Undergrad: 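Pasting a structure here, questions to come.
Just so we're clear, the structure is a prediction, and the values are computed from it rather than from any experiment. Heavy atoms only: backbone and side chains are in, while hydrogens, waters and symmetry mates are out. Residue numbering restarts at 1 for every chain, and letters A, B, ... go by the order of the sequence lines.
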Amino acid sequence: METKPSNGSPAKFVDQLVVPGDVILDLSTMAEQTIKLGGGLRQDCDAISVIKAGILRFSKPNKYWVESSQKRYVPCAEDSVLGIVVDCKPDNFLVDIKGPSVAFLPVLAFEGGTRRNIPRFEAGTLIYVRVVKANPGMNPELSCVDATGKAAQYGALKEGLMFECSTGLSRMLLSSPTCPVLETLGKKLPFEIAVGLNGRVWVNAGSPSIVIVVGNAIMKSESLTKVQQKIMAEKLLQRVQQE
Amino acid sequence: MPEEGEKEEMVTPGEVLGKAADLKAGKGAYVAPYRSSEIQYVFSSLTGLRHTLTPPSDSPDQRPTVEVIGHKARGAVPEAGSVVIARVTKVMAKTASADIMCVGTKSVREKFTGVIRQQDVRATEIDKVDMHLAFRPGDIVRAVVLSLGDARAYYLSTAKNELGVVSANSTAGETMVPISWTEMQCPLTGQIEQRKVAKVGS
C-alpha cells in the first residue's frame with residue numbers, strides 16, 4: 001500500500017478535521033517514545049493512519065485520538081449509558097444500549113444484590129448503567145454498581161422524558177466545566193437530568209412544560225458554540241417566564 | 001457375495017441378522033419384533049459388512065455380538081477422549097463455540113460443533129478465566145473432547161499444557177507468534193494479544 005508519509009509532525013493535524021486515509025504520524029522519523037492511540041487511529045507498520053472521520057485530538061503527554069459525533073454508539077468499557085430493558089433471562093437482563101448487539105446486565109450486579117432480591121425490571125424499563133466489558137464480537141457486559149461496589153445513581157429511572165441525540169452532544173453535556181446550556185437553564189428551572197454516552201438523555205422535572213423546555217433547549221444546542229448556546233437558552237427562558 | 005473366511009457378508013438396512021435370543025445387537029444393528037409376532041429379531045440398520053464378535057468368557061451373557069460396519073469410507077466422528085482441532089466461531093462471557101475440523105489426524109466430513117466452557121479453559125483458577133483473553137473468533141485450537149455434551153454441541157476442554165490456541169491471526173491480519181503460554185505477538189505491528197496458547201513440540 002503506497003502511502004506518502006507526511007512529514008511526521010502531527011502538530012499540524014491536531015484539532016483539525018481528518019478523514020480516513022490521512023497519515024498523521026510516521027514512526028520511523030520519531031525517536032524512542034511511547035505513544036497511546038485512542039479510537040479512530042490504526043497502526044500500519046510505521047505509519048499511524050486515521051480510520052474514522054473527525055477532529056484529531058491530542059492530550060499531553062502522548063495520547064492521540066479522533067473525536068467524531070454520530071447517532072450510532074460503539075460500546076466502550078467504563079462508559080455510563082442509558083439502556084432500555086428488552087428481556088429478562090435467569091442470569092441476565094438483556095438491555096438495548098444503541099450498540100451493534102444487545103448487552104447483558106447480570107442479575108446480581110446491583111448493590112447488595114443476592115439471589116433473593118433480584119430487581120424486577122419489565123421490558124421497556126429505562127436504566128442508567130455502566131459498561132463493564134465491551135469486546136468486539138461479544139455482547140457488552142453492564143453493571144449497576146460502580147467500580148467500588150456502590151450504587152452511585154445507577155439503576156432504573158422513573159417518570160420523566162427520554163430523548164435521543166448524537167454521541168457528540170452527550171459528550172458535550174457531560175464535559176466539565178458545565179456546558180452553557182445546562183448552566184443557564186439550571187439557574188432558573190429546577191430539573192434533573194441523566195446523560196448517557198450512547199446518545200440518550202433523560203430529563204425529569206415537576207411539571208411537563210419544564211421538561212419540554214429543557215429537552216428542546218438541549219436538542220437545539222447540537223451545533224451551537226458556547227456563546228450561542230448561552231444566548232439561545234436565555235431567550236428561551238425569557239419566553240417561558242413571560243407565559 | 002461369497003463368504004470370506006471371517007464370515008463377512010454384505011447386508012442392507014432391514015435385513016434380519018438373527019434372533020435376539022441368539023445374538024446381541026452391536027453397532028449398526030437393532031432389536032425389534034418381527035412384524036406382528038412377539039419374537040425379537042436383530043435387524044441391520046446400515047448398508048455394509050456384518051461382523052460377529054465373540055463375547056468375553058467371563059460375562060454372564062454368552063451371546064455373540066453382531067455389528068454392521070458401513071461399507072462407505074466415512075469421516076471421523078469425535079469420541080470422548082479424542083484430541084480434536086477446532087476453529088473458534090463465537091466467544092461469549094462464559095463459553096466459546098468452535099467448529100470441529102479434525103479428529104486426531106483425520107478431517108471430518110460433516111459439521112460438528114463443540115463448546116468450551118469457562119471452567120474447562122485451563123486447570124488453575126478456573127473461575128477467574130476471561131474468555132476474551134483466552135480465545136478470539138477465528139483462532140485454531142487443539143482441544144480434547146470431554147463428552148458428547150448436549151444436543152447442540154460436544155463439550156471440549158483445553159485444560160492441559162499441550163492444548164489451547166495453535167494458530168491465531170492478529171487484528172492487523174498477520175499470523176501471530178506465541179511468546180508465552182498467555183501471549184502471542186504480531187510480527188508486523190509488534191502488538192501483543194492474550195490467548196491460552198498450546199505448548200507445541202517437545
Undergrad: How long is the gap from CE on A:Met138 to CZ on B:Arg136, to the nearest 0.5 Å?
TA: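 Atom-to-atom, A:Met138:CE and B:Arg136:CZ are 9.5 Å apart.
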Undergrad: Just verifying a value: how many Å separate A:Lys133 NZ and B:His132 NE2, rounded to the nearest 0.5 Å?
TA: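 Here the rounded value is 9.0 Å.
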Undergrad: Look up atom CZ in A:Phe104 and atom CE in B:Met92, then write down how far apart they are to the nearest 0.5 Å.
TA: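 Going from CZ on A:Phe104 over to CE on B:Met92, the span is 8.0 Å.
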Undergrad: Is it true that, when you exclude B:Tyr30 itself, more than 12 heavy atoms of the residues, nucleotides or ligands shown sit nearer than 6.0 Å to its OH?
TA: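 Counting other residues, nucleotides and ligands, OH of B:Tyr30 exceeds 12 neighbours.
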Undergrad: For A:Arg171, does the CZ atom have more than 12 heavy-atom neighbours from other residues, nucleotides or ligands under 6.0 Å away?
TA: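 Atom CZ in A:Arg171 is packed in, count exceeds 12.
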Undergrad: Would one find more than 12 heavy atoms of other residues, nucleotides or ligands at under 6.0 Å from atom CD of B:Glu162?
TA: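 Counting other residues, nucleotides and ligands, CD of B:Glu162 exceeds 12 neighbours.
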Undergrad: If you count heavy atoms of other groups shown closer than 6.0 angstrom to CZ of A:Arg72, is the number above 12?
TA: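 Atom CZ in A:Arg72 is not crowded, with 12 or fewer foreign heavy atoms closer than 6.0 Å.
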